[in-house]
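Worksheet: the structure to be examined is printed underneath.
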Amino acid sequence: RIPAIENHEQTGFKEDYECQLLYFVRDMLEWSDPNSIKAIVLKLLNKKHPIFKRLAYHTINKHFDALGHIFFNSQRNPLSVWVKHEMFVLLQRHATDFSEPEIERIIHWIETEAYSLKREISKNITYAMRFRAYKKREWLTALLPSKNAKVLSLYEKYTKINNTEITHPGFSSWHETSN
């Protein structure tokens, strides 16, 4: 129910207990000395519920100089629909900071992510190919500021497969608000 760990217009019901509790923990982690919270971040990453992983990736993003190694030491592909927003923000914010091997690793994650489709939809090969191209291109959008040649090449490749405009990258859904 909470679309973004940071304060964001997409978060409705900010006054709800769950949201307030999350914001309290988020703020405590942001204001903490990053060296004193490494163990906490690692524990959050190993929790089952995605909200803990999202909180961990948000914290890694905020303290990237001290905690970025945790992100790259992951044995599993961290890209997932369940942590999409925080992961997208982390990649986008640090795209120009990543080394060539780090970008290669992220590209590997993008290329090997499952991008699950419902069984009946996945039988349509063309649709499945276009869907995956869109999803990969969405992740690559976060890395475009790096101006990395492989990122740009893959982005172009997937645009040729599916050139649908990417709106609100990093969000699985978007709710328009009216004033």
Side-chain angles (χ1 to χ4, degrees), residues 2-11 22-47 50-115 132-159 162 165-172 174:
I2 301 173
I5 299 296
E6 83 272 12
N7 292 335
H8 197 282
E9 67 181 281
Q10 285 298 293
T11 305
L22 179 71
Y23 284 177
F24 173 75
V25 175
R26 174 203 66 194
D27 291 349
M28 294 304 297
L29 291 169
E30 285 182 11
W31 296 334
S32 295
D33 171 35
N35 294 314
S36 69
I37 59 171
K38 284 181 185 178
I40 294 169
V41 171
L42 287 168
K43 283 182 183 179
L44 290 171
L45 284 171
N46 289 315
K47 295 279 188 186
I51 197 71
F52 297 113
K53 293 177 188 341
R54 292 176 60 205
L55 189 56
Y57 288 127
H58 173 84
T59 305
I60 290 169
N61 182 21
K62 292 294 183 178
H63 297 293
F64 195 78
D65 289 343
L67 302 176
H69 68 281
I70 294 172
F71 173 64
F72 284 107
N73 286 339
S74 175
Q75 298 303 310
R76 289 183 252 145
N77 185 339
L79 304 185
S80 160
V81 68
W82 304 112
V83 298
K84 184 177 182 180
H85 179 71
E86 284 67 34
M87 186 60 63
F88 187 89
V89 171
L90 188 155
L91 295 177
Q92 187 174 47
R93 182 172 180 199
H94 298 286
T96 58
D97 302 328
F98 297 139
S99 67
E100 187 73 27
E102 290 170 338
I103 287 181
E104 285 290 330
R105 182 123 191 242
I106 296 166
I107 288 171
H108 174 75
W109 290 335
I110 292 169
E111 291 291 295
T112 59
E113 175 60 23
Y115 306 109
R132 288 187 177 95
Y134 180 90
K135 292 299 183 184
K136 290 178 182 186
R137 196 164 56 98
E138 182 180 13
W139 282 115
L140 289 165
T141 301
L143 297 175
L144 289 177
S146 73
K147 295 183 172 58
N148 176 282
K150 189 166 183 182
V151 168
L152 297 173
S153 174
L154 285 169
Y155 186 84
E156 186 178 323
K157 170 187 170 182
Y158 293 125
T159 299
N162 185 344
E165 180 185 1
I166 295 175
T167 57
H168 312 295
F171 284 95
S172 296
W174 187 266

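The structure presented is a predicted model; accordingly, all values stated were derived computationally and were not measured. Computed from heavy atoms alone, side chains included, the values below leave out hydrogens, waters and symmetry copies.
Atom OG1 of Thr112 sits about 11.5 Å away from atom CD1 of Ile107, to the nearest 0.5 Å. Interatomic distance, OG of Ser146 versus CD1 of Ile106, reported as 8.5 Å (0.5 Å rounding). To the nearest 0.5 Å, the span separating CG on Leu91 from CZ on Phe88 amounts to 8.0 Å. Between the CG atom of Leu140 and the CG atom of Leu154 there is a distance of 5.5 Å, given to the nearest 0.5 Å. Between the CD1 atom of Ile166 and the CH2 atom of Trp139 there is a distance of 12.0 Å, given to the nearest 0.5 Å. Atom CD of residue Glu30 and atom NE2 of residue His63 lie 6.5 Å apart, to the nearest 0.5 angstrom.
Pairs engaging residues 143-155 under the salt bridge (Lys or Arg N to Asp or Glu O under 4.0 Å) rule: Glu104-Lys150 [sequence neighbours left out]. The list of side chain to side chain donor-acceptor pair (under 3.5 Å) pairs with a residue in residues 35-47, not counting sequence neighbours, is empty.
A cation-pi arrangement, defined by a distance under 6.0 Å to the six-membered ring centre and an angle within 45 degrees of its axis, is present between Arg26 and Tyr23.
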**OP:** Test side chain to side chain contact (heavy atoms under 4.5 Å, CB included) on His58 and His85 and set out the steps.
**Re:** CA-CA 9 Å; His58 173 84; His85 179 71; over 6 Å; no
Original post:
Do Phe98 and Leu143 pass the side chain to side chain contact (heavy atoms under 4.5 Å, CB included) test, and can you show the C-alpha distance, the side-chain angles, and the key distance before you say yes or no?
Top reply: CA-CA 9 Å; Phe98 297 139; Leu143 297 175; 4.0 Å; yes
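Residues Lys135 and Lys84 are in side-chain contact: their nearest non-hydrogen atoms beyond the backbone lie under 4.5 Å apart. Within the 4.5 Å cutoff, no side-chain heavy atoms of Ile40 are placed close to those of Thr59. Taking the side chain as every heavy atom from C-beta outward, Tyr134 and Arg137 approach each other to under 4.5 Å.
Remark: Ser153 engages no residue in a side-chain contact (heavy atoms from CB on, under 4.5 Å) (not counting sequence neighbours). For Lys136, the side-chain contact (heavy atoms from CB on, under 4.5 Å) partners are Ile110, Glu111, Tyr115, Tyr158, not counting sequence neighbours. Listed by chain and residue number, Phe64 satisfy the ring-ring contact (aromatic ring centres under 6.0 Å, His included) test with His94 (two or more places apart in sequence, or in another chain).
Ala95 and Ile103 make their closest contact through O-CD1, 4.2 Å (heavy atoms, listed as atom of the first residue, atom of the second, distance). Listed here is the closest heavy atom pair of Val83 and Pro50: CG1-O, 4.3 Å. Closest heavy-atom contact between Ala142 and Pro145: O-CD, 3.4 Å.
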Less than 3.5 Å apart, which donor and acceptor atoms pair up between the side chains of residues 66-82 and the rest of the protein, not counting sequence neighbours?
from, atom 1, to, atom 2, distance (Å)
His69, ND1, Ala66, O, 3.3
Asn73, ND2, His69, O, 3.1
Ser74, OG, Arg76, N, 3.3
Ser74, OG, Arg76, O, 2.7
Gln75, NE2, Asn73, O, 3.2
Asn77, OD1, Leu79, N, 2.9
Asn77, ND2, Trp109, O, 2.8
Ser80, OG, Trp82, N, 3.0

